[in-house]
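Remarks on the structure that follows.
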Amino acid sequence: MLQYLFGFFCLFGVLIFVNLTGTHAACPVQLNPQRVVVRYNSSVSVDCNTSILHEGMGWEASEGAVPMREVSLITWTVSNLREWEILPFCFINYNVTQCKLDLTVTVYKTPDSVSINTVNHNGPMIEGSQYELQCEVLNVAPVQNLTVRWYKGLTLVNKTTFNDTIKTPVNKTSKLLIRPNRTDDRAQYRCEAELELGEEGPQPPPKVTSKLSVEVYYKPQFNNSTEYIDITNEVTLNCTMKANPAPTYTWWLSGHLKETISSSVLRSSTLRPGNYTCIAENSQGQGRKVFILKSTGRTTFWAIVLAGVVVAVVLIIAYVIFKCKASLNSII
């Protein structure tokens, strides 16, 4: 009975030891840190320690192997890690057995370059047409940790991740389809390649960015195609319309060509009533706007004058009639 109790307490003590020290349950050693993320050709160092009596412990690795020693702590160190798929492990001999604990190592490399280009197209884009933007990420590892994000201005428009399990550097491409309109002229697209390596990796995560500003050709377009204007002493007809390339302007008066000028504004005190048509035109098409000039203001003025004259005439006639009646009464 005492043997069973002794065995139970021994087992209980071992469990407590494991929980308190964080020692691996299958192998009584602990790694610090338990996972490492290291930049290619940079240094790395990891401790392996134990609290039990043993016959020796060491490190096995294709780089930085450490021979077996009877110590409680042993360190794996590499000053310039140049192996992409290294699998180091710490081992310990105890109770006439040997066990090991593997170390997870992620070796990374930021891209040599990131660049955006338009596939099979050069020069300005045409409003309403579809284009393919391509972001090329060169010589990056590991690709399964790579995320490529597309931004238009400050707005995220697309995200690409990769499932490849290869550890060595590769080239990757992400594509984005766009159909620009006039509001996209001079818009900036940004491609951002980021290596998301977790908490053990560099913070913030390393990223490389490329930018592309697009030029969009679009025709003139008027929101208000007709405008009514009352003639005053100074009349201004403003036909200004944003377009790319910049438009030329042609003015017509009641169906007859008035003039072709570079200015979009007619300003004159001699403009007479009628329909003035402005045509703005560039390589993408044309837009037109009609100005209808009315002489409402002048008509009102002359109507007031005429009304005054009529009133004056009526008063004069009434006065004459009154005088005539007075003269006849005096004669009778």
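Along the sequence shown, residues are numbered consecutively beginning with 1.
- Atom NZ of K100 is separated from atom CH2 of W59 by 12.0 Å, given to the nearest 0.5 angstrom.
- No donor-acceptor pair closer than 3.5 Å links the side chain of N139 to the backbone N or O of P111.
- Side-chain N or O atoms of R288 include none that pairs as donor or acceptor with a backbone N or O of C278 at under 3.5 Å.
- Side chains of E200 and T106 form no contact here, defined as non-hydrogen atoms less than 4.5 Å apart.
- Within 6.0 Å of the CZ atom in R35, the count of heavy atoms belonging to other residues, nucleotides or ligands exceeds 12.
- Within 6.0 Å of NZ in K109 there are more than 12 heavy atoms belonging to other residues, nucleotides or ligands.
- Residue V107 is not grouped with residue L197 when hydrophobic side chains (ILVMFWY) are merged at heavy-atom distances under 4.5 angstrom, including chains of intermediate members.
- Expressed to the nearest 0.5 Å, how far CG of L293 lies from CD1 of I229 amounts to 5.5 Å.
- Around CZ of R190, the count of heavy atoms belonging to other residues, nucleotides or ligands within 6.0 Å exceeds 12.
- Hydrophobic clustering, with ILVMFWY side chains joined whenever heavy atoms are under 4.5 angstrom apart, groups V78 together with Y40.
- In this structure a side-chain-to-backbone donor-acceptor pair under 3.5 Å is missing from E83 to E63.
- Side-chain contact between L253 and L271 is absent, with no heavy atoms from C-beta onward closer than 4.5 Å.
- Formation of a donor-acceptor pair under 3.5 Å by the N80 side chain with backbone atoms of S42 is not found in this model.
- R267 pairs in a side-chain contact (heavy atoms from CB on, under 4.5 Å) with only one of the listed residues (L237, N238, T236), which is T236.
- Side-chain contact check for M68 versus F91: some heavy-atom pair is nearer than 4.5 Å.
- A 4.5 Å side-chain heavy-atom check between P142 and W84 finds every atom pair outside the cut-off.
- Put simply, CZ on F291 and SG on C239 are 5.0 Å apart, with the number rounded to the nearest 0.5 Å.
- When all heavy atoms are compared, the tightest approach of T173 to E136 is OG1-CG, 4.2 Å.
- Between the D185 side chain and the V216 main chain, a donor and an acceptor come within less than 3.5 Å of each other.
- Heavy-atom minimum distance, Q134 versus W150: C-CH2, 3.9 Å.
- By the 6.0 Å contact criterion, CD on Q203 is enclosed, its count of non-hydrogen atoms from other residues, nucleotides or ligands being greater than 12.
- T50 places a side-chain N or O within 3.5 Å of a backbone atom of P28 that can act as its donor or acceptor partner.
- Closest heavy-atom contact between P220 and G285: CD-O, 3.6 Å.
- Each of L103 and Y108 belongs to its own hydrophobic cluster when Ile, Leu, Val, Met, Phe, Trp and Tyr are linked at side-chain heavy-atom distances under 4.5 angstrom.
- Heavy-atom contacts from other residues, nucleotides or ligands closer than 6.0 Å to NZ of K289 number more than 12.
- By the 4.5 Å heavy-atom criterion applied to side chains, N282 and Y217 are not counted as neighbours.
- Side-chain polar atoms of T183 and N181 form a donor-acceptor pair below 3.5 angstrom.
- Across all non-hydrogen atoms, the minimal contact from L81 to V38 is CD2-CG1, 3.4 Å.
- With values rounded to the nearest 0.5 angstrom, K242 atom NZ is found 4.5 Å from Y218 atom OH.
- Open room surrounds CG on L154; 12 or fewer heavy atoms of other groups in view lie less than 6.0 Å from it.
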V44 vs V105, test: side chain to side chain contact (heavy atoms under 4.5 Å, CB included). Steps then yes/no. CA-CA 10 Å; V44 59; V105 179; 5.8 Å; no
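- A 4.5 Å side-chain heavy-atom check between T110 and R39 finds at least one atom pair inside the cut-off.
- What you find for A187 and K152 is that their closest heavy atoms are CB-CE, 4.5 Å.
- The backbone N or O of R182 sits less than 3.5 Å from a side-chain atom of E127, completing a donor-acceptor pair.
- Cluster membership for L138 and L133, using ILVMFWY side-chain heavy atoms within less than 4.5 angstrom, is not shared.
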In sequence, state the C-alpha distance, the side-chain angles, and the governing distance for D184 and M125, and then conclude on side chain to side chain contact (heavy atoms under 4.5 Å, CB included). CA-CA 10 Å; D184 297 322; M125 299 179 178; over 6 Å; no
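- L31 and C90 make their closest contact through CD2-CB, 3.9 Å (heavy atoms, listed as atom of the first residue, atom of the second, distance).
- Using a 4.5 Å cut-off between side-chain heavy atoms of Ile, Leu, Val, Met, Phe, Trp and Tyr, with links allowed through other members, I74 and I52 fall into the same hydrophobic cluster.
- With a 4.5 Å cut-off on side-chain heavy atoms, Y131 and I126 count as touching.
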Please lay out, stage by stage, how S174 and V137 fare under the test side chain to side chain contact (heavy atoms under 4.5 Å, CB included). CA-CA 8 Å; S174 174; V137 184; over 6 Å; no
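- Atom CE in M57 sits 10.0 Å away from atom CG in L101 (nearest 0.5 Å).
- A side-chain N or O of Q98 and one of N93 form a donor-acceptor pair less than 3.5 Å apart.
- For the pair C135/V114, a side-chain contact is recorded, criterion being any heavy-atom separation below 4.5 Å from C-beta on.
- With hydrogens and angles ignored, the 3.5 Å screen pairs a side-chain donor or acceptor of E55 with a backbone N or O of Y94.
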Walk me through it: do L195 and L146 pass the test side chain to side chain contact (heavy atoms under 4.5 Å, CB included)? CA-CA 5 Å; L195 279 174; L146 175 67; 4.3 Å; yes
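- If you take CG on N49 and CD on Q30, they are separated by 5.5 Å, rounding to the nearest 0.5 Å.
- Between the side chain of H54 and the backbone N or O of V71, at least one donor-acceptor pair lies under 3.5 Å.
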